[in-house]
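Worksheet for the structure shown next.
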Amino acid sequence: MIADDLDRLAEEIKACRICVERPLGRPLPHEPRPVVVPSRTARILIAGQAPGTRVHLSGAPFTDPSGDRLRDWLGVTPDVFYDPSKFAIVPMGFCFPGQDAKGGDLPPRRECAPAWRAGLMAAMPQIDLVLAVGQYAQRWHMGAAMAGSLTDTVAGWRAVWARSSAPHVLPLPHPSWRNTGWIKRNPWFEMELLPFLKAEIRHRL
Ligand code: SF4
């Protein structure tokens, strides 16, 4: 039943045109190309933000320098990362949202999560670790456990972990080059959180 639900949802998402035909505000400036990897066996969910230009072109998630950094954080090769039996990859917005006047990526389309996320999560009950990458995913998956800033939220990872179960949640910053300075300013991230993350990933593969 759940597997049927997941297949049905995956087909519906592939055909989704909400942001073109019923947008909240400006329509998507291009044809939808949802990039999402649902899974009926993966225990780990990567809850990212939204595809960027490279991912929009490739049609596969994290085929960019952010993906290289994320795989390094997880301690996995591309082969493992792209094995849908091991990782589900479900961003907060499935389609590339376009760019602002300065060339920065727009936020995830706000139509997407209300339309699809709860159904997808219900159809993947085996997920027992959610990596909430960035504030959009943290808002959805952590709710009131979010702190005031991304730094405070990620710094509170031990408490978030202890309070969450079925699935556990770990907050992470986005692995974009834009956060290189943040990583340098917060050395506990690489010294404490990443070793814990790698061990939890190893345990589930
Ligand atoms: S971003 Fe989500 S809701 Fe919008 S068209 Fe793509 S799949 Fe549909």
Side-chain angles (χ1 to χ4, degrees), residues 35-52 54-55 58-94 105 108 117 120-121 124-142 145-147 150-205:
V35 180
V36 52
V37 181
S39 172
R40 63 175 59 93
T41 55
R43 295 175 63 190
I44 308 160
L45 168 69
I46 298 173
Q49 195 153 304
R54 289 203 203 188
V55 170
S58 74
F62 289 104
T63 48
D64 54 14
S66 293
D68 292 337
R69 178 179 263 170
L70 180 59
R71 286 181 282 278
D72 183 53
W73 287 355
L74 303 174
V76 298
T77 62
D79 281 354
V80 174
F81 184 82
Y82 289 112
D83 180 344
S85 73
K86 296 189 163 67
F87 286 95
I89 304 176
V90 182
M92 296 308 296
F94 301 157
D105 287 354
R117 202 160 192 87
L120 271 175
M121 290 306 293
M124 298 191 295
Q126 82 287 351
I127 295 288
D128 70 354
L129 172 58
V130 174
L131 305 180
V133 180
Q135 287 183 300
Y136 295 98
Q138 287 157 13
R139 200 164 295 133
W140 205 92
H141 287 281
M142 293 168 51
M146 266 184 93
L150 176 105
T151 303
D152 291 342
T153 298
V154 180
W157 64 273
R158 283 191 183 85
V160 175
W161 181 269
R163 263 185 262 140
S164 61
S165 61
H168 276 298
V169 178
L170 260 187
L172 297 174
H174 196 278
S176 156
W177 61 268
R178 287 189 182 83
N179 280 331
T180 299
W182 184 95
I183 293 165
K184 285 196 180 129
R185 287 192 302 279
N186 295 281
W188 51 265
F189 176 72
E190 290 188 313
M191 291 169 65
E192 297 169 25
L193 197 161
L194 288 190
F196 181 87
L197 170 63
K198 282 189 173 79
E200 289 297 329
I201 297 294
R202 270 199 309 273
H203 167 65
R204 286 171 173 79
L205 293 180

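Heavy atoms only: backbone and side chains are in, while hydrogens, waters and symmetry mates are out.
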**Message:** Out of the candidates His203, Arg202, Arg204, only one should pair with Glu200 under the side-chain hydrogen bond (donor to acceptor under 3.5 Å, both in side chains) rule; please name it.
**Reply:** Arg204
As an exercise, state the distance from [atom1] of [X] to [atom2] of [Y], rounded to the nearest 0.5 Å.
X      : Y      : atom1 : atom2 : result
Asp79  : Arg71  : CG    : CZ    : 10.5 Å
Thr41  : Phe87  : OG1   : CZ    : 12.0 Å
Leu170 : Met142 : CG    : CE    : 9.5 Å
Ile127 : Arg40  : CD1   : CZ    : 12.5 Å
Lys184 : Asn179 : NZ    : CG    : 12.0 Å
Ser164 : Asp128 : OG    : CG    : 10.5 Å

**Message:** Run Trp177 and Asp64 through side chain to side chain contact (heavy atoms under 4.5 Å, CB included) and show every step you take.
**Reply:** CA-CA 11 Å; Trp177 61 268; Asp64 54 14; over 6 Å; no
**Item:** Under the salt bridge (Lys or Arg N to Asp or Glu O under 4.0 Å) test, residues paired with Asp72 that sit two or more places apart
**Value:** none
**Prompt:** Mind checking what makes salt bridge (Lys or Arg N to Asp or Glu O under 4.0 Å) contact with Arg139, not counting sequence neighbours?
**Reply:** none
**Prompt:** Would you say the side chain of Leu74 lies within less than 4.5 Å of the side chain of Leu131, judging by non-hydrogen atoms?
**Reply:** yes
**Residue pair Leu45 / Met121, side-chain heavy-atom distance below 4.5 Å** = yes
Give me the atom names and distance for the closest heavy-atom approach of [X] to [Y].
X      : Y      : value
Asp152 : Ala147 : CB-CB, 3.4 Å
Trp73  : Lys198 : O-CG, 3.2 Å
Gly93  : Pro108 : N-CB, 3.7 Å
Pro173 : Leu150 : CB-CD2, 3.9 Å
Met124 : Ala88  : SD-CB, 4.1 Å
Ala60  : Val55  : O-CG1, 3.2 Å

Donor-acceptor contact below 3.5 Å, side chain [X] vs main chain [Y]:
X      : Y      : value
Arg117 : Pro91  : yes
Arg43  : Gln126 : no
Ser58  : Thr63  : no
Gln49  : Gln135 : no

**Prompt:** Under the side chain to side chain contact (heavy atoms under 4.5 Å, CB included) criterion, do Asn186 and Val154 qualify, and how do the steps go?
**Reply:** CA-CA 10 Å; Asn186 295 281; Val154 180; over 6 Å; no
**Given Leu70, Val130, Leu172, Leu129, the one that forms side chain to side chain contact (heavy atoms under 4.5 Å, CB included) with Ile46** = Leu70
**Prompt:** Take atom CZ in Arg54; do more than 12 heavy atoms of anything else shown fall under 6.0 Å from it?
**Reply:** no
**Message:** Is it the case that the ring center of Trp157 lies less than 6.0 angstrom away from the ring center of Phe189?
**Reply:** no
**Message:** Can you see whether Ser85 engages Asp83 through a side-chain donor-acceptor pair at a distance of less than 3.5 angstrom?
**Reply:** yes
**Asked** How far apart are the C-alpha atoms of Tyr82 and Val37, what are their side-chain angles, what is the distance that settles it, and do they pass the side chain to side chain contact (heavy atoms under 4.5 Å, CB included) test?
**Response** CA-CA 9 Å; Tyr82 289 112; Val37 181; over 6 Å; no
**Message:** Parallel, tilted or perpendicular: which one describes the rings of Trp161 and Phe196, with boundaries at 30° and 60°?
**Reply:** perpendicular
